[in-house]
Amino acid sequence: QVHLVESGGGLVQAGGSLRLSCAASGRTFTNYYKAWFHQAPGKERKFVAAITSGGRTYYAESVKGRFTISRDNAKDTVYLQMDSLKPEDTAVYYCAANLFYGSQPGDYEYWGQGTQVTVSS
């Protein structure tokens, strides 16, 4: 039932780095837009970054210059390299995929289960 599986979350100090991965499971998303969202406790799910099947990228202003989204279509996997992490980046990070681009959670049809990222100060 789960078609996207995130991994790579963990606990890191402020200023540190993490690399998240999201792999397809049970179906393919090689021709889909892929995106990362995050959701902190008690807050709405927010757009982080997206990438087209051809590699064009989009970022939320809050992560621009710190995070890098990429994809490996041969592996049907999307990545989020997170550098210069801040405590305010602490959240559950979700990957998503859709045939059309979107910047809102409701725009995406397929979702992973989420991976926790905690940044300590």
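Since we're looking at a predicted model, the values are computed, not measured.
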Please identify each residue that fulfils side chain to side chain donor-acceptor pair (under 3.5 Å) with [X], with sequence neighbours left out.
X      : result
Gln81  : Asp83
Thr57  : none
Gln104 : none
Asn31  : none

Just grab all the disulfide bond (SG atoms under 2.5 Å apart) pairs involving [range], residues at least two apart or on different chains.
range          : result
residues 52-85 : none
residues 40-99 : Cys22-Cys95
residues 37-92 : none

Exercise. In Å, rounded to the nearest 0.5 Å, how long is the span from OG1 of Thr68 to CZ of Arg19?
Worked result: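 Rounded to the nearest 0.5 Å, the OG1-CZ separation comes to 10.5 Å.
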
Problem set entry | Spacing of OG1 belonging to Thr30 relative to CG belonging to Asp72, to within rounding of 0.5 Å |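 Here the interatomic distance stands at 11.0 Å.
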
Expected output: side-chain [X] to main-chain [Y] donor-acceptor under 3.5 Å:
X      : Y     : value
Ser62  : Ala60 : no
Thr118 : Leu11 : no
Thr52  : Gly54 : yes

At their closest point, which heavy atom of [X] faces which heavy atom of [Y], and how far apart are they?
X      : Y     : result
Gln116 : Ala91 : NE2-O, 3.5 Å
Ser25  : Val5  : CB-CG2, 4.0 Å
Phe29  : Ala24 : CD1-CB, 3.8 Å
Ser84  : Ser17 : N-OG, 4.3 Å
Ser121 : Ala14 : CA-CB, 4.4 Å

Exercise. Taking ILVMFWY side chains as joined if any heavy atoms are under 4.5 angstrom apart, and letting links pass through other members, which residues group with Tyr33?
Worked result: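 Members other than Tyr33 - counting any ILVMFWY side chain reachable under 4.5 Å - are Phe37, Phe47, Tyr58, Val92, Tyr94, Tyr101, Tyr108, Trp111.
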
For this session: Would you mind listing the cluster partners of Tyr59? Hydrophobic ones only (ILVMFWY), side-chain contacts under 4.5 Å, chaining allowed.
Result: Val12, Leu18, Leu20, Trp36, Val48, Ile51, Val63, Phe67, Ile69, Val78, Leu80, Met82, Leu85, Tyr93, Val117, Val119

For this session: Using the side chain to side chain contact (heavy atoms under 4.5 Å, CB included) rule, take Ser53 and Arg71 through it: C-alpha gap first, then chi angles, then the decisive distance, then the call.
Result: CA-CA 8 Å; Ser53 61; Arg71 66 192 293 165; 4.3 Å; yes

Problem set entry | Side chains of Glu6 and Gln113 in contact at under 4.5 Å (non-hydrogen atoms) |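 Yes, their side chains come closer than 4.5 Å.
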
For this session: Any salt bridge (charged side-chain N to carboxylate O under 4.0 Å, His left out) involving residues 88-108? Give me the pairs, sequence neighbours left out, ordered by first then second residue.
Result: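 As it turns out, the salt bridge (charged side-chain N to carboxylate O under 4.0 Å, His left out) pairs with a partner in residues 88-108, which skip direct neighbours, are Arg66-Asp89.
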
For this session: Please list all pairs passing the salt bridge (charged side-chain N to carboxylate O under 4.0 Å, His left out) test where one or both residues lie in residues 21-34, with sequence neighbours left out.
Result: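 Applying salt bridge (charged side-chain N to carboxylate O under 4.0 Å, His left out) to every pair that reaches into residues 21-34, excluding sequence neighbours, yields Lys34-Asp76.
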
Problem set entry | For Lys64, salt bridge (Lys or Arg N to Asp or Glu O under 4.0 Å) partners two or more places apart |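 Partners of Lys64 under the salt bridge (Lys or Arg N to Asp or Glu O under 4.0 Å) test: Glu61.
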
